[in-house]
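A short write-up of the structure that comes next.
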Amino acid sequence: MTRRKIVFVIVEGSSDDTALGVMLNQIYDKDEVYVHIMHGDITTKNGIHSDNVVSKIGNEIRKYAKDHHYKSQHFKQIIHIVDTDGAYIPNENVILNSEHEEVFYEADGIYASDQQRIIKRNEQKKDNLYRLRETGQIWKIPYRVYYMSCNLDHVLHNKRNSTDDEKEEDAYAFAKKYKRDVGKFIDFICDSDFSVMGDYKESWEYIESGLNSIDRHTNFGICIKGELYP
């Protein structure tokens with residue numbers, strides 16, 4: 001009997017796993033889905049840049065493999081889901097908001113008390129995401145990165161600025177809504193007005209343009225359709 005291969009899914013937080021984990025296990029029913037929670041955005045962490053971001057992700061995968069006595073051939077693919085956080089918007093759309101320390105994402109841009117910090121963060125994120133979207137393999141395993149814009153809560157719940165409590169509550173509600181009807185989840189991700197389908201490279205060129213990375217878009221449907229109709 002052929003051994004089930006591992007689909008290694010990287011997400012940024014536990015609510016992302018809650019919202020997507022059940023559906024991914026159903027979509028990849030012939031494989032073993034492991035959702036790896038990165039606990040934050042690796043593309044904006046201190047010391048992470050385009051020269052080492054791929055190796056940092058590779059280290060996470062190799063550690064998991066070592067802990068479970070796996071080799072690279074036991075993996076089918078790596079799926080990396082990231083928030084865009086409006087990283088591609090023009091610098092003039094990073095808007096001063098001195099009244100609040102928190103960063104707010106709105107339709108016209110990012111509101112922040114420290115504009116230069118956000119501009120610098122965006123540059124780092126853009127460089128790292130460009131490196132990742134051009135990466136086809138990590139540790140000889142097929143790899144692709146997909147975006148949720150401006151973040152996962154925006155795509156799944158139409159909320160840009162959710163609190164941690166709201167993220168958890170909405171994630172459970174989302175999983176409950178779709179867990180018994182994965183077909184509706186597939187339609188939601190692939191056929192909504194925010195779904196960016198078609199060519200993978202062109203989907204990234206789309207999100208990099210204008211204010212698209214602050215708007216509600218995802219190219220994750222490309223991943224789902226590719227699994228259903230390889």
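Bear in mind the structure is a predicted one, so any value in this text is a computation, not a measurement. Only heavy atoms go into these numbers, but all of them, side chains included; no hydrogens, no water, no symmetry mates.
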- Task: With side-chain contact (heavy atoms from CB on, under 4.5 Å) as the test, would you mind laying out the steps for Lys120 and Arg117 before giving the verdict?
- Result: CA-CA 5 Å; Lys120 184 177 179 181; Arg117 181 180 69 83; 5.8 Å; no
Qualifying residues under ring pair (Phe, Tyr, Trp, His ring centres under 6.0 Å), relative to [X], sequence neighbours excluded:
{"X": "Phe188", "result": "Phe174, Tyr178, Phe194"}
{"X": "His217", "result": "Tyr206"}
{"X": "His49", "result": "none"}

- Query: Tell me the ring pair (Phe, Tyr, Trp, His ring centres under 6.0 Å) pairs involving residues 111-141, sequence neighbours left out?
  - Reply: none
- With sequence neighbours left out, which residue pairs that include part of residues 22-48 fulfil the ring pair (Phe, Tyr, Trp, His ring centres under 6.0 Å) condition?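 Output for this query lists Phe8-Tyr34, Phe8-His36, Tyr34-Tyr64.
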Please check if [X] and [Y] belong to a single hydrophobic cluster, counting links between Ile, Leu, Val, Met, Phe, Trp and Tyr side chain heavy atoms closer than 4.5 Å.
{"X": "Val94", "Y": "Tyr88", "value": "no"}
{"X": "Leu152", "Y": "Met23", "value": "yes"}
{"X": "Ile79", "Y": "Trp204", "value": "yes"}
{"X": "Met148", "Y": "Leu211", "value": "no"}
{"X": "Ile214", "Y": "Ile207", "value": "no"}

Looking at side-chain heavy atoms only, is the closest gap between [X] and [Y] below 4.5 Å?
{"X": "Val155", "Y": "Tyr147", "result": "no"}
{"X": "Ser203", "Y": "Ile222", "result": "yes"}
{"X": "Val54", "Y": "Ile138", "result": "yes"}
{"X": "Val33", "Y": "Val9", "result": "yes"}
{"X": "Val53", "Y": "Thr135", "result": "no"}
{"X": "Tyr70", "Y": "Ile6", "result": "yes"}

- Task: Give the C-alpha distance, both sets of side-chain angles, the deciding distance and a yes or no for salt bridge (charged side-chain N to carboxylate O under 4.0 Å, His left out) between Asp170 and Lys159.
- Result: CA-CA 10 Å; Asp170 289 338; Lys159 296 179 179 179; 3.0 Å; yes
- Query: Taking only residues at least two apart or on different chains, which pairs with a member in residues 75-84 satisfy side-chain hydrogen bond (donor to acceptor under 3.5 Å, both in side chains)?
  - Reply: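 Those involving residues 75-84 are Asp31-Lys76, Lys76-Glu227, His80-Tyr143, Thr84-Ser149.
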- Note on the structure: In short, side-chain hydrogen bond (donor to acceptor under 3.5 Å, both in side chains) pairs touching residues 10-27 with sequence neighbours left out are Ser14-Glu168
- Only one of Ile37, Ile81, Ile57, Val145 forms a side chain to side chain contact (heavy atoms under 4.5 Å, CB included) with Ile10, so which one is it? Ile57
Atom [atom1] of [X] and atom [atom2] of [Y]: how far apart are they, to the nearest 0.5 Å?
{"X": "Lys225", "Y": "Ile189", "atom1": "NZ", "atom2": "CD1", "value": "11.5 Å"}
{"X": "Cys190", "Y": "Leu228", "atom1": "SG", "atom2": "CG", "value": "7.0 Å"}
{"X": "Asn219", "Y": "Tyr200", "atom1": "CG", "atom2": "OH", "value": "7.0 Å"}
{"X": "Asp29", "Y": "Leu24", "atom1": "CG", "atom2": "CG", "value": "12.0 Å"}
{"X": "Asn122", "Y": "Ser213", "atom1": "CG", "atom2": "OG", "value": "7.5 Å"}
{"X": "Ile141", "Y": "Arg62", "atom1": "CD1", "atom2": "CZ", "value": "9.0 Å"}

- Query: Looking only at atom types and distance, does a side-chain atom of His157 sit under 3.5 Å from a main-chain N or O of His154, one as donor and one as acceptor?
  - Reply: no
- Query: Within the distance-only criterion (no hydrogens, no angle test), does the side chain of Glu169 pair as donor or acceptor with the backbone N or O of Glu166 below 3.5 angstrom?
  - Reply: no
- Message: Between Phe75 and Val7, does the side-chain contact (heavy atoms from CB on, under 4.5 Å) criterion hold? Intermediate values first, please.
- Response: CA-CA 6 Å; Phe75 292 78; Val7 177; over 6 Å; no
All pairs passing salt bridge (Lys or Arg N to Asp or Glu O under 4.0 Å) where [range] contributes a residue, at least two apart:
{"range": "residues 93-112", "answer": "none"}
{"range": "residues 183-206", "answer": "none"}
{"range": "residues 125-139", "answer": "Asp41-Lys125, Asp85-Lys125, Glu123-Lys126, Arg133-Glu208"}

To check you understand the geometry: which heavy-atom pair defines the closest contact between [X] and [Y], and what is its length?
{"X": "Lys56", "Y": "Ile42", "value": "CB-CD1, 3.9 Å"}
{"X": "Gln137", "Y": "Lys140", "value": "OE1-CA, 3.8 Å"}
{"X": "Pro90", "Y": "Gly210", "value": "CD-O, 3.7 Å"}
{"X": "Gly86", "Y": "Cys150", "value": "N-CB, 4.2 Å"}
{"X": "Ile110", "Y": "Arg121", "value": "CD1-NH2, 3.7 Å"}

- Task: Could you list who else is in Leu96's hydrophobic cluster, with ILVMFWY side chains joined at under 4.5 Å, directly or through other members?
- Result: none
- Message: Who clusters with Tyr172? Use side-chain heavy atoms, under 4.5 angstrom, across I, L, V, M, F, W and Y, and order the result by chain and number.
- Response: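 Cluster partners of Tyr172: none, it stands alone.
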- Query: Stepwise, does the side-chain contact (heavy atoms from CB on, under 4.5 Å) test hold for Glu60 with Met38?
  - Reply: CA-CA 9 Å; Glu60 298 280 336; Met38 194 68 80; 4.1 Å; yes
- Do Asn128 and Thr43 meet the criterion of a side-chain donor-acceptor pair at a distance under 3.5 Å? no
- So with a 6.0 Å cut-off around NZ of Lys177, is the heavy-atom count from everything else above 12?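 Atom NZ in Lys177 is not crowded, with 12 or fewer foreign heavy atoms closer than 6.0 Å.
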- Message: Go through it in stages, so that I can follow the logic: the residues are Asp153 and Asn158, the test is side-chain contact (heavy atoms from CB on, under 4.5 Å), and I'd like the CA-CA distance, side-chain angles, deciding distance and then a yes or no.
- Response: CA-CA 6 Å; Asp153 305 289; Asn158 201 19; over 6 Å; no
